Student: 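Got a structure for you, written out below as structure tokens; questions coming shortly.
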Protein chains: 2
Amino acid sequence: MKPVFHPDIEDVAPADVFGALADPIRLGILVALSDLNDVDRARCSHFTAFASPSLLSYHFAKLREAGITRMRVEGTSRYLSIRREELNQRFPGLIDSVIETARRDPNLPRLGPEWLSGGEQAQGQTSSR
Amino acid sequence: MKPVFHPDIEDVAPADVFGALADPIRLGILVALSDLNDVDRARCSHFTAFASPSLLSYHFAKLREAGITRMRVEGTSRYLSIRREELNQRFPGLIDSVIETARRDPNLPRLGPEWLSGGEQAQGQTSSR
DNA sequence: TTCGAAATTCAATGATCGTTGAATTAAGCC
DNA sequence: GGCTTAATTCAACGATCATTGAATTTCGAA
């Protein structure tokens, strides 16, 4: 499997980053990734409530191409995470205040509690559905 | 003169702010406003090196409508400033890390030194031009 | 009252954006 | 092999974007 393109963090311009943040769905994804205590627990399919699969693919690509997220391929699944260390090295403090700002926005799409809590339980459907 | 529309800061969404920041010219304007020690010393015409007058008008409007800048009308001139207190109240810490991030970008348009230093001298042309 | 400077408005352009839905790829499993 | 699931790709759409250049508004000063 071809392992997805990620830009070198030094090639990312501030305007590109802000462009990628200029959308409620993408801000929702970013907050959700942050809520997942980060690394590699977020499969793309966790976000089906946010938008259709093809639209999600589009938004994932935007975030990735702007240097904000990393995507790890494993089988037919993809795992997302925020490129925290690199972002903090290149734009110190920025990503945290962005996430903090987005987290306070009540109009962003949010992850259901079934994905949040610990992350260790079996991931079958929850009662109501 | 009709005194220009400014959105209530509470009506500004994070995604709107990031949208307004997703452009090098606007980031350049923002950094320049910040460099001008803020309040009300920045006339629109200070930015003629950044773009054509009509394009500048367009970018000024974007920043203003996103709640980032304030525009004070005085005669035929307009004075720009950053809505710092309001932004900090609504999105604590955000605008400072945005400006700090933008300030480090070497590719943004910048103000010539004739506008910067003290701001008290006569504003005639500088030697070379 | 005419002139000039400051800035905006307007119409037009090509580019990019967000969204849809259908088709496609790729891997794991019976 | 043939399903099923995960996710992407592609073509299309209308909307918004950045940019241009010409016309317009507004005010102050000669």
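Treat the numbers as computed from the prediction; the structure is a model and nothing was measured. Every chain is numbered from 1, with letters handed out A, B, ... down the list of sequences.
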Student: Classify A:Ser77 by what it touches in the nucleic acid, base, sugar-phosphate, or nothing, heavy-atom distance under 4.0 Å.
Tutor: sugar-phosphate

Student: Please state whether the phosphate of C:dC17, meaning OP1 or OP2, lies under 4.0 angstrom from any side-chain nitrogen or oxygen of A:His59.
Tutor: no

Student: Got a second to check how far B:Ile29's CD1 is from B:His46's NE2, nearest 0.5 Å?
Tutor: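 That separation rounds to 13.0 Å.
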
Student: To the nearest Å, give me how far apart CZ (B:Arg43) and P (C:dT8) are.
Tutor: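 About 13 Å, once rounded to whole Å.
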
Student: So what does B:Ser57 touch, heavy atoms closer than 4.0 Å: a base, only the sugar-phosphate, or nothing?
Tutor: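 If one applies the 4.0 Å heavy-atom cut-off, B:Ser57 turns out to touch a base.
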
Student: Between B:Arg78 and B:Thr76, what is the shortest heavy-atom contact and its length?
Tutor: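 Between these two residues, the closest heavy atoms are NH1-O, 3.5 Å.
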
Student: Send over the distance from A:Phe5 CZ to D:dT9 P, rounded to a whole Å.
Tutor: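 From A:Phe5 CZ to D:dT9 P: 14 Å.
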
Student: Can you measure A:Leu56 atom CG to C:dT20 atom C1' for me and round it to whole angstrom units?
Tutor: 13 Å

Student: Look at the side chain of A:Ile25 and decide which nucleotide, out of C:dA7, C:dT19, D:dA7, has an atom nearest to it.
Tutor: C:dT19

Student: Let me know the distance between CZ of A:Arg78 and P of C:dT25, rounded to the nearest Å.
Tutor: 14 Å

Student: Check the interface with nucleotides 28-30 of chain C: list each N/O to N/O pair with the protein under 3.5 Å, or write none.
Tutor:
none

Student: Which heavy-atom pair separates A:Pro24 from A:Leu108 by the least distance, and what is that distance?
Tutor: O-CD2, 3.6 Å

Student: Take atom CG of A:Leu80 and atom P of D:dA6, then tell me their distance rounded to the nearest Å.
Tutor: 15 Å

Student: Tell me which donor-acceptor pairs under 3.5 Å the side chains of residues 54-68 of chain B have, and how far apart each pair is, sequence neighbours excluded?
Tutor:
unit_1, atom_1, unit_2, atom_2, d
B:His59, ND1, B:Arg26, NH1, 3.0
B:Arg64, NH1, B:Phe5, O, 2.8

Student: For A:Val31 and A:Ile99, which heavy atoms make the closest approach, and how far apart are they?
Tutor: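 Nearest heavy atoms, A:Val31 then A:Ile99: CG2-O, 4.2 Å.
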
Student: Determine which pairs satisfy side-chain hydrogen bond (donor to acceptor under 3.5 Å, both in side chains) with at least one residue from residues 88-103 of chain A, sequence neighbours left out, and list them in order.
Tutor: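 Non-adjacent pairs meeting side-chain hydrogen bond (donor to acceptor under 3.5 Å, both in side chains): A:Ser34-A:Arg103, A:Asp35-A:Arg103, A:Arg84-A:Asp96, A:Ser97-B:Ser97.
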
Student: Whole angstroms only, please: what is the OH-P distance between B:Tyr79 and D:dC27?
Tutor: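 Those two atoms, OH and P, are 15 Å apart.
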
Student: Without decimals, in angstroms, what is the distance between A:Phe18 CZ and C:dC17 P?
Tutor: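 So the two atoms are 17 Å apart, to the nearest Å.
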
Student: Could you work out, with side-chain hydrogen bond (donor to acceptor under 3.5 Å, both in side chains) as the rule, every residue matching B:Glu10, not counting sequence neighbours?
Tutor: none

Student: Rounded to whole Å, how long is the line connecting atom CD of B:Glu65 with atom P of D:dA18?
Tutor: 12 Å

Student: Considering non-hydrogen atoms only, spot the tightest contact between A:Phe47 and A:Ala32 and give its length.
Tutor: CE2-CB, 3.5 Å

Student: For the residue pair B:Ser81 and B:Met71, establish whether any side-chain heavy-atom pair is separated by less than 4.5 Å.
Tutor: no

Student: Can you spot which of A:Leu94, A:Asp16, A:Val98 makes a side chain to side chain contact (heavy atoms under 4.5 Å, CB included) with A:Leu21?
Tutor: A:Val98

Student: What residues in residues 47-55 of chain B put a non-hydrogen atom under 4.0 Å from any atom of DNA chain D?
Tutor: B:Ser54, B:Leu55

Student: Pull out every protein N or O sitting under 3.5 Å from an N or O of nucleotides 15-17 of chain D, one pair per line with the distance.
Tutor:
unit_1, atom_1, unit_2, atom_2, d
D:dC17, OP1, B:Lys62, NZ, 3.1
D:dC17, OP2, B:Lys62, NZ, 2.9

Student: Could you walk me through whether A:Phe18 and B:Val17 pass the side-chain contact (heavy atoms from CB on, under 4.5 Å) check?
Tutor: CA-CA 9 Å; A:Phe18 295 128; B:Val17 174; over 6 Å; no

Student: Salt bridge or not between B:Arg72 and B:Glu74? Use side-chain N to carboxylate O under 4.0 Å.
Tutor: yes

